[in-house]
Protein chains: 2
Amino acid sequence: MLHGKAMIPNDVCTDCAVRDRALCGSLDDRELIALNSIGQRRRVARGQTIAWAGDEAVLCGNLLSGVLKLVAATANGREQTVGLLYPADFFGQPYAGDVDFTLSALTDTELCVFPRAAFERVLEDHQRMERLLLQRTFDSLNEARGRMLVLARKSAGEKLAGFLLDMAARAGASGCRATRDGPVTFDLPLTRGQIADVLGMTIETVSRQLTRMKQSGLIGLPGGRAVTISDREALAARAEAA
Amino acid sequence: MLHGKAMIPNDVCTDCAVRDRALCGSLDDRELIALNSIGQRRRVARGQTIAWAGDEAVLCGNLLSGVLKLVAATANGREQTVGLLYPADFFGQPYAGDVDFTLSALTDTELCVFPRAAFERVLEDHQRMERLLLQRTFDSLNEARGRMLVLARKSAGEKLAGFLLDMAARAGASGCRATRDGPVTFDLPLTRGQIADVLGMTIETVSRQLTRMKQSGLIGLPGGRAVTISDREALAARAEAA
DNA sequence: AACTGTCTTTGACCACGGTCAATGTCAGCG
DNA sequence: CGCTGACATTGACCGTGGTCAAAGACAGTT
């Protein structure tokens with residue numbers, strides 16, 4: 001087994017953009033080959049739906065690039081985005097029957113998908129990976145519960161201020177200019193309508209709150225999807241205002 | 001090992017009220033003894049708090065009787081109940097650092113608690129149990145997301161109608177008179193204020209909506225915490241009203 | 001350039017539900 | 001018995017944010 005590592009074919013997993021952050025990071029090279037044989041890459045264009053609520057749960061996998069959303073809907077068509085997924089996040093539900101929420105692409109995305117049944121077998125053989133999935137699921141649960149508080153008890157201004165800070169942190173994590181106070185500019189990956197779906201408000205209220213923040217000097221709106229955080233302090237204060 | 005079963009001491013696990021429904025149902029008698037040695041029963045009175053948000057996560061366990069609530073709070077004191085726990089439900093978060101939400105007793109309760117670290121070791125030795133926990137956590141996540149939809153997009157009347165149907169189903173599961181259409185009466189385990197905390201509204205709105213439903217003949221309010229579902233059909237319709 | 005569709009902004013209006021306040025009900029207890 | 005405290009109900013008022021409507025900005029296409 002000399003040069004064992006060098007003998008691994010240059011398959012998709014070994015040059016995976018999210019390998020160290022995704023669930024599969026818990027596997028060694030040999031195990032990755034096995035996993036690779038059941039998975040495949042797939043591109044999904046912005047706006048396309050990957051799985052519909054009510055469908056049988058046949059797929060799961062990792063998000064490689066782009067942003068996905070999970071949407072819940074009432075019988076009469078009202079919608080609420082109940083989760084956003086970013087690169088290295090896992091999607092799908094092992095051991096489930098039907099899918100509960102519609103999964104679709106907010107931007108053009110790249111996925112690494114597995115048949116659910118085959119993935120379950122991998123989980124059974126890799127307790128470490130199953131444990132990581134459990135931890136991630138707990139984290140998602142905590143996040144969902146935190147968002148219940150936001151949806152139920154925060155004002156439109158507080159919701160939006162908090163959302164912008166979240167998005168700034170996430171954008172900063174990639175560009176990663178050290179956390180300093182100066183104004184930061186980034187592009188939102190969501191339209192006003194999609195933001196409204198996430199925060200439980202309407203397009204109009206999102207728009208009005210944004211212009212209010214701009215007028216107060218908290219943010220700038222250079223155009224398009226771009227946002228500038230001009231006064232992070234004040235924005236954070238507004239996110240927790242009484 | 002003849003009469004193996006008969007030799008098991010009459011410890012707390014073997015006569016546990018929720019044994020077949022709780023997580024430990026995945027263990028055999030021998031394993032139960034091991035688990036039993038690290039767990040202990042505890043009574044918690046109505047209103048008492050078991051763990052505060054921000055504390056180190058030191059405990060987990062199963063609820064034996066009564067109802068628990070998980071509460072999230074904003075920096076300035078607004079509160080939202082983000083989960084209700086019923087007998088046989090698991091609480092706590094293995095592999096976590098700090099507790100994210102305050103856990104307290106809505107009614108007098110009986111718990112079966114384990115030190116978190118010891119429980120984690122049990123999970124490591126019992127993959128089947130860890131898998132059950134994963135499934136439960138997914139279920140909780142789906143429930144939390146479903147409630148995000150309710151909190152963000154449903155009117156006060158819809159929220160309350162849905163809540164009453166939930167509670168009736170849960171009460172019926174115990175009393176278990178076969179699902180028929182006739183009026184059913186049961187006691188809510190929550191005060192108006194606690195219902196408001198769960199549904200993201202105020203005491204006053206809960207009260208007003210209840211009297212409206214009573215006047216419409218959907219329900220009866222015999223007094224105290226009791227509720228009568230007089231017209232389940234109409235109540236279900238109101239839970240999904242446009 | 002003009003046309004199209006999508007997204008955004010802004011205004012006018014108003015309803016749902018929150019806030020404040022008073023009163024009612026009931027159990028426990030000195 | 002009449003307190004007391006917790007919980008519930010009802011009313012009056014009003015603000016936040018939803019609805020409806022119109023106009024503006026912008027990218028892509030022919």
Side-chain angles (χ1 to χ4, degrees), chain A residues 45-48 74 76-80 106-108 150-164 187-216 219-227 238 241-242, chain B residues 45-48 74 76-80 106-108 149-161 163-164 187-216 219-227 238 241-242:
Chain A
R46 173 192 148 92
Q48 293 301 109
T74 65
N76 45 73
R78 281 168 286 175
E79 288 191 351
Q80 174 64 34
L106 273 182
T107 67
D108 288 342
V150 172
L151 290 173
R153 301 294 186 187
K154 293 213 170 183
S155 70
E158 293 171 297
K159 286 177 180 177
L160 202 51
F163 177 80
L164 289 179
D187 272 320
L188 292 171
L190 301 109
T191 68
R192 302 286 186 264
Q194 289 163 347
I195 295 172
D197 283 347
V198 170
L199 298 181
M201 16 201 266
T202 60
I203 291 184
E204 294 92 327
T205 304
V206 171
S207 187
R208 274 189 262 265
Q209 290 294 332
L210 282 175
T211 59
R212 261 189 89 223
M213 288 178 181
K214 179 173 151 189
Q215 282 161 356
S216 314
I219 63 171
L221 297 170
R225 303 273 161 82
V227 179
R238 183 163 299 195
Chain B
R46 172 193 149 93
Q48 293 301 109
T74 64
N76 45 73
R78 283 168 285 176
E79 288 191 353
Q80 175 63 34
L106 273 181
T107 67
D108 288 342
L149 174 65
V150 172
L151 290 173
R153 301 296 185 186
K154 294 213 171 182
S155 70
E158 292 171 297
K159 287 176 180 178
L160 202 51
F163 176 80
L164 289 179
D187 272 318
L188 292 171
L190 302 106
T191 68
R192 301 287 187 265
Q194 288 163 347
I195 295 172
D197 283 345
V198 171
L199 298 179
M201 12 201 269
T202 59
I203 292 185
E204 295 92 327
T205 304
V206 171
S207 187
R208 274 189 263 266
Q209 290 293 332
L210 282 175
T211 59
R212 261 188 89 223
M213 289 178 180
K214 179 173 153 190
Q215 282 160 355
S216 315
I219 63 172
L221 297 170
R225 302 273 161 82
V227 179
R238 183 162 298 197

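Predicted, not measured: the structure shown is a model, and the values here were computed from it. In what follows, every heavy atom counts, from backbone to side chain, and hydrogens, waters and symmetry copies are set aside. Note on naming: letters A, B, ... go to the chains in the order of the sequence lines (proteins, then strands), and numbering restarts at 1 for each one.
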* Give one of base, sugar-phosphate or nothing for A/Thr191, where a contact means two heavy atoms less than 4.0 Å apart. => sugar-phosphate
* To do: Would you mind classifying the nucleic acid contact of A/Ile203 as base, sugar-phosphate or nothing, using non-hydrogen atoms under 4.0 angstrom?
  => base
Contacts under 3.5 angstrom, residues 196-207 of chain B side chains, donor-acceptor by atom type, not counting sequence neighbours:
from	atom 1	to	atom 2	distance (Å)
B/Thr202	OG1	B/Thr205	N	3.3
B/Thr202	OG1	B/Thr205	OG1	3.0

* **With sequence neighbours excluded, residues passing side-chain hydrogen bond (donor to acceptor under 3.5 Å, both in side chains) with A/Ser155** => A/Glu158
* **For A/Thr191, all residues meeting side chain to side chain contact (heavy atoms under 4.5 Å, CB included), sequence neighbours excluded** => A/Arg46, A/Gln194, A/Arg225
* List the steps and the verdict of side-chain contact (heavy atoms from CB on, under 4.5 Å) for B/Leu210 and B/Val227. => CA-CA 10 Å; B/Leu210 282 175; B/Val227 179; 5.7 Å; no
* Asked: For B/Ala152, which residues count as a side chain to side chain contact (heavy atoms under 4.5 Å, CB included) partner, sequence neighbours excluded?
  -> A/Gln80, A/Leu151
* Asked: Do side-chain atoms of A/Asp187 reach the backbone of A/Ala226 as a donor and acceptor pair under 3.5 angstrom?
  -> yes
* Structure fact -> At a 4.0 Å cut-off to heavy atoms of chain A, the contacted part of DNA chain D spans D/dG17 to D/dC20
* **Residues forming a side-chain hydrogen bond (donor to acceptor under 3.5 Å, both in side chains) with A/Thr107, sequence neighbours excluded** => none
* Structure fact -> The contact string for nucleotides 11-28 of chain C, one letter per nucleotide 5' to 3', using protein heavy atoms under 4.0 Å with B, S and - for base, sugar-phosphate only and none, comes out as BB----SSBB--------
* Asked: Reckon B/Arg225 touches a base, only the sugar-phosphate, or nothing at all at heavy-atom distances under 4.0 Å?
  -> sugar-phosphate
* **Along DNA chain D (nearest heavy atom to each residue), the more 5'-positioned of B/Gly224 and A/Gly223** => B/Gly224
* Asked: Of the non-hydrogen atoms in B/Met213 and B/Ala161, which two are nearest, and what is the gap between them?
  -> CE-N, 3.5 Å
* Sugar-phosphate only, base, or nothing, as touched by B/Arg46 at under 4.0 Å among non-hydrogen atoms -> sugar-phosphate
